[in-house]
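To keep things clear, I will list the structure first and then write my remarks on it.
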Amino acid sequence: MQITLFDHPEDHQNLLPVTYLKSISDIRIGIFTIKEKWEKHLNQSVDALVVAYQQGKYPVSRDFELLIRSNVLPDGELIHAINALSIGEKLVQENLIIAARVGASFDPSDLNFETLNSVSYGGKVSVIRRSWDIFQHNGVAITADFQLLDRSASGTISDPHTITYGSEIYIEAGASIRAATLNSETGPIYIGNNAEIQEGAMIRGPFALGDHSVVNMGAKLRGGVTLGPYCKIGGEASYCVMQGYSNKGHDGYLGSSVIGEWCNLGADTNNSNLKNNYENVKMWDYAQRRFIDTGLQFCGLIMGDHSKSAINTMFNTGTTIGISANIFGAGFPRNIIPSFSWGGAAKTIPYRLDKALETMERVMARREKTLTDVDKAMMTHIFDQTAHMRP
């Protein structure tokens, strides 16, 4: 049976800027992306049905049979309920459509499920509704994903100078660990293929280090941290997720934050995740074009793909940065920095699309990746759609 994870347009909008260039199902939370979680639970590949301008990157050629909302995280009880659906039924909880088993006549272009019969689900549903949910639920997600691993396949730590606490440590092939401290008593620790943990690093679980990623010397990672593939981290971090191919190589604090792909935080970049008056943090809402109350006391930085900060950059509590922004200069930048912006607190100007694409090509080439024509078309679409936000 063909299974497709569908991006509801409202969910796509609510999760910006993280979803500008990727399907919701490609968001990494915990060890794996949402798509990878479903594939491991279901033991089969799944498709992604995305919003219109992304469909060149996510072609879907097969018939639709079972549709699952892509911002819902899987678990055994939920999968059992989904498998029990008959053709013409949808699984719902209050106003949330979780999944639907559709017939051959179903038109996915408008995701209209009104004609389907509702089956109520009373179990717990983990849903990623907003970008800040990613870091908030990351520790729990790491623990859940850790249960999907074959513990017998884990490598061991041979370095005599590395200190470990607890037994919940999983090491993939080719990983290198030297003179580090790993504490899994507070949550599991996952170390990916050919990942590297350098001397003096101190890591508390839950923690996930992606394939080919590096923890620099003396880093202090205080739990709830995930690095996707080909990332680098130094300094201090807690409850943050770097989606992949991004660097925070130097000292500085990153907390309660989500960093997209192909980002770079310059030396001594810091972010605040707690207001001085301890009030709830407000974050930018792209749909409503205003700041909204997150309900969170701790909320730091959300940065879209291909954005960068210069050395000594200071981000205030609750800052949102779009894609392909370049932030520099003294003082705190604004709490909302539009996509394709260049500058900082004193002045921000539009970043030319052609120059932005040139930089992306150079950065991706360093990892032997290519900026495709499909990527360029998506970037052009976003550049046009976000023009109203730039000065």
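Values below: all heavy atoms of this structure, side chains included; hydrogens, waters and symmetry mates excluded.
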Checklist line | Glu94, CD: over 12 other non-hydrogen atoms inside 6.0 angstrom | finding: no
Check: Do Tyr245 and Arg366 touch side chain to side chain, with heavy atoms closer than 4.5 Å?
Finding: no
Notebook entry, point to check: How about Ile87: does its CD1 atom have over 12 heavy atoms from other parts shown lying under 6.0 Å from it?
Noted result: no
Margin query: Against Leu209, only a single residue in Ile177, Ile233, Ile197 fulfils side chain to side chain contact (heavy atoms under 4.5 Å, CB included); can you say which?
Written below: Ile197
Checklist line | Phe135 and Tyr239 aromatic centres sub-6.0 Å | finding: no
Check: Taking the side chain from Lys275 and the backbone from Gly318, do they hold a donor-acceptor pair closer than 3.5 Å?
Finding: no
Margin query: Between Lys232 and Glu196, does any NZ, NE, NH1 or NH2 come within less than 4.0 Å of an OD or OE carboxylate oxygen?
Written below: no
Next item on the list: Return yes when atom CG of Leu148 has more than 12 non-hydrogen atoms of other residues, nucleotides or ligands closer than 6.0 Å, and no otherwise.
Entry: yes
Next item on the list: Report the distance from atom OG of Ser154 to atom CD of Glu172, rounding to the nearest 0.5 Å.
Entry: 7.5 Å
Note to self: Quick test of your reading of the model: are Asp75 and Lys124 salt-bridged, counting only N-O distances below 4.0 Å?
What the structure shows: no
Next item on the list: Give a yes or no on whether Lys282 atom NZ has more than 12 heavy-atom contacts from other residues, nucleotides or ligands under 6.0 Å away.
Entry: no
Note to self: Which residue is it: Met202, Lys248, Arg222? I am looking for the one with a side chain to side chain contact (heavy atoms under 4.5 Å, CB included) to Glu236.
What the structure shows: Arg222
Notebook entry, point to check: Is the number of heavy atoms from other residues, nucleotides or ligands under 6.0 Å of His80 NE2 greater than 12?
Noted result: no
Note to self: Quick check on Lys220: does its NZ atom have over 12 non-hydrogen neighbours (other residues, nucleotides or ligands) under 6.0 Å away?
What the structure shows: no
Check: Is the number of heavy atoms from other residues, nucleotides or ligands under 6.0 Å of Asn43 CG greater than 12?
Finding: no
Checklist line | SB check Lys35 Asp26 (cutoff 4.0 Å) | finding: no
Margin query: For Asn112, I'd like to know if atom CG has over 12 heavy atoms of other residues, nucleotides or ligands within 6.0 Å.
Written below: yes
Next item on the list: Could you tell me whether a side-chain N or O of Ser184 sits under 3.5 Å from a main-chain N or O of Tyr165, the two making a donor and an acceptor?
Entry: yes
Check: For the residue pair Trp342 and Phe328, does the interplanar ring angle fall in the parallel (under 30°), tilted (30 to 60°) or perpendicular (over 60°) class?
Finding: perpendicular
Next item on the list: Determine, step by step, whether Lys376 and Glu361 satisfy the salt bridge (Lys or Arg N to Asp or Glu O under 4.0 Å) criterion, reporting the C-alpha distance in whole Å, the side-chain angles of both residues, the deciding distance to 0.1 Å, and the verdict.
Entry: CA-CA 10 Å; Lys376 293 176 181 178; Glu361 288 182 320; 3.1 Å; yes
Notebook entry, point to check: Has Lys40 got its NZ or CZ under 6.0 Å from the middle of the six-membered ring of Phe32, at an angle within 45 degrees of the ring axis?
Noted result: yes
Margin query: Please say yes or no: joined through hydrophobic side-chain contacts below 4.5 Å, possibly via intermediate residues, are Val51 and Leu5 part of one cluster?
Written below: no
Note to self: Tell me whether the rings of Phe146 and Tyr170 are parallel (<30°), tilted (30 to 60°) or perpendicular (>60°).
What the structure shows: perpendicular
